[in-house]
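Data first, discussion second: the structure below is written as structure tokens.
Positions are given from 1, in the same order as the sequence printed here.
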Amino acid sequence: MSTSRRNQLAGRKTLPKNTRRKKKRGRKMLRIIMIPLLILLLFLLFKSCIQKKNQYADVDATQPEMDVQLLDINPYSRPGTTIDHVNGIVVHYTANPGSTAQDNRDYFNGLKDSHETSASSNFVIGLEGEIIQCIPTWEMAYASNDRNADTISIECYHPDENGKFTDATYRSLVQLTAWLCAKYDLTADQVIRHYDVTGKICPKYFVEDEDAWVEFRRNVQDALEKQ
């Protein structure tokens, strides 16, 4: 053995046996504590994911509360035309961040005087989840172009430019859509976006996030299965 190696070994301090035992026990205790903590963390993460996925698990297909404020019959927003058969539900968004359901209902009704355009929706849902019915479900609304004659339209409000609905709006949309599907013997696959009719980016969030749209229709189907 070289002189330098002997000097190196000679300079090492050997830990007393008690100290080595304490360190070994400390490492063992650390493992005993860490393993349950890790299991708990994984459980909480799993539970959080499940709760997020099922946050609308209590929504069913019963008729939601709604404020019926039917538009005056007029050629610009409520033509009074009867729908022979409802074949689908169309979801829209207002593209007007922060506006209220009442604002839009009143705008639709005011078209009878302004003649500004032809526009309406059977239902509007506000930021707090409030639902206003503007046109009976058996009458046509001016909302979905070529599908006006066989669909019911729902217009939804959103707080900002990305078009994502508030939880309250979303919850009401799921329940209202499920109720309409049950009423007219439709499935979640017959719920469509304005985009699916014309290619218009409406509702924006559901067009740009396809997974969110798939999840919405899944929530509607789950609500239907609670009948």
Going through the checks in order, is the side-chain contact (heavy atoms from CB on, under 4.5 Å) test met by Glu130 and Asp67?
CA-CA 8 Å; Glu130 70 275 22; Asp67 184 3; over 6 Å; no
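- Aromatic ring centres of Tyr76 and Tyr142: separated by at least 6.0 Å.
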For the pair Glu128 and Thr100, evaluate side-chain contact (heavy atoms from CB on, under 4.5 Å) and give the outcome as yes or no after the intermediate values.
CA-CA 9 Å; Glu128 302 300 322; Thr100 69; over 6 Å; no
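- Under the 4.5 Å side-chain criterion, counting only non-hydrogen atoms from C-beta, Ser118 is not in contact with Leu111.
- Linking Ile, Leu, Val, Met, Phe, Trp and Tyr residues whenever their side-chain heavy atoms come within less than 4.5 Å leaves Val197 and Ile201 in two separate clusters.
- The backbone N or O of Arg193 sits less than 3.5 Å from a side-chain atom of Asp196, completing a donor-acceptor pair.
- Closest approach of Cys181 and Val220 over heavy atoms only: SG-CG1, 4.5 Å.
- In this structure, Asp60 and Ala178 approach most closely via the heavy-atom pair O-CB, 4.2 Å.
- Between the CD atom of Glu215 and the CD atom of Glu210 there is a distance of 12.5 Å, given to the nearest 0.5 Å.
- No continuous path of ILVMFWY side-chain contacts below 4.5 Å connects Met66 to Val90, so the two sit in separate hydrophobic clusters.
- Proximity of a side-chain donor or acceptor of Asn122 to a complementary backbone N or O of Glu139 within less than 3.5 Å is detected.
- Side chains of Tyr107 and Ser99: no donor on one and acceptor on the other come within 3.5 Å.
- Residue-environment remark: CG (Asp84) stays at or below the threshold of 12 foreign heavy atoms within 6.0 Å.
- Both Leu180 and Leu173 sit in one connected hydrophobic cluster of ILVMFWY residues. Membership requires side-chain heavy atoms under 4.5 Å apart, directly or through other members.
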Run Val191 and Leu186 through side-chain contact (heavy atoms from CB on, under 4.5 Å) and show every step you take.
CA-CA 8 Å; Val191 180; Leu186 305 174; over 6 Å; no
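- Between the side chain of Thr117 and the backbone N or O of Ala119 there is no donor-acceptor pair closer than 3.5 Å.
- Here the closest heavy-atom approach between residue Arg217 and residue Asp189 is recorded as NH1-O, 3.2 Å.
- Between the CD1 atom of Ile152 and the CD1 atom of Ile135 there is a distance of 11.0 Å, given to the nearest 0.5 Å.
- Under the 4.0 Å criterion applied to side-chain N and carboxylate O atoms, Asp58 and Arg171 are assigned as salt-bridge partners.
- Interatomic distance, OG1 of Thr151 versus CD1 of Ile89, reported as 7.5 Å (0.5 Å rounding).
- Linking ILVMFWY side-chain heavy atoms closer than 4.5 Å, directly or via other members, places Leu224 and Val174 in a single hydrophobic cluster.
- Note that CG of Asn109 and OG of Ser114 are 10.5 Å apart. Values are rounded to the nearest 0.5 Å.
- The main-chain N or O of Gly88 is never found under 3.5 Å from a side-chain atom of Asp150 such that the two would form a donor-acceptor pair.
- The shortest heavy-atom contact between Leu71 and Ser120 is CD1-CB, 4.1 Å.
- Side chain of Asp106 to backbone of Asp103: no donor-acceptor contact under 3.5 angstrom is found.
- Remark: aromatic rings of Tyr205 and Tyr93 are distant, center separation not under 6.0 Å.
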Does the pair Val59 and Asn219 meet the rule for a side-chain contact (heavy atoms from CB on, under 4.5 Å), with working shown?
CA-CA 8 Å; Val59 179; Asn219 291 152; over 6 Å; no
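- Distance check, rounded to the nearest 0.5 Å: OG1 of Thr94 to NZ of Lys204 gives 12.5 Å.
- When each of Phe206, Tyr157, Tyr170 is checked for a ring-ring contact (aromatic ring centres under 6.0 Å, His included) with Phe165, only Phe206 meets the rule.
- Partners of Phe108 according to the ring-ring contact (aromatic ring centres under 6.0 Å, His included) rule, which considers only residues two or more places apart in sequence or in another chain, do not exist here.
- Scored by the ring-ring contact (aromatic ring centres under 6.0 Å, His included) test, Tyr195 finds no partners at all (sequence neighbours excluded).
- Residues Arg105 and Ile132 approach most closely at CG-CG2, 3.9 Å, considering heavy atoms.
- Here the CG atom belonging to Asp160 is positioned 10.5 Å from the OG1 atom belonging to Thr166, to the nearest 0.5 angstrom.
- Side-chain contact check for His92 and Ser153: at least one donor-acceptor pair (N or O, by modelled atom type) lies under 3.5 Å.
- Proximity of a side-chain donor or acceptor of Thr169 to a complementary backbone N or O of Gly126 within less than 3.5 Å is detected.
- Using modelled atom types, no side-chain atom of Thr81 and backbone atom of Met140 make a donor-acceptor pair closer than 3.5 Å.
- Annotation for Ile131 and Phe123: closest pair CG2-CD2, 4.0 Å, computed over non-hydrogen atoms.
- A donor-acceptor pair is defined here as one N or O able to donate and one able to accept, closer than 3.5 Å; such a pair exists between the side chain of His158 and the backbone of Ala95.
- Side-chain atoms of Gln175 and Thr62 form a donor-acceptor pair, as typed in the model, at a separation below 3.5 Å.
- Using a distance-only test at 3.5 Å, with no hydrogens or angles considered, a donor-acceptor pair links the side chain of Gln190 to the main chain of Thr187.
- Under a cut-off of 6.0 angstrom, the local environment of NZ in Lys164 is sparse, with at most 12 non-hydrogen atoms contributed by other residues, nucleotides or ligands.
- Following chains of ILVMFWY side-chain contacts shorter than 4.5 Å, one cannot reach Ile192 starting from Ile154, and the two form parts of different hydrophobic clusters.
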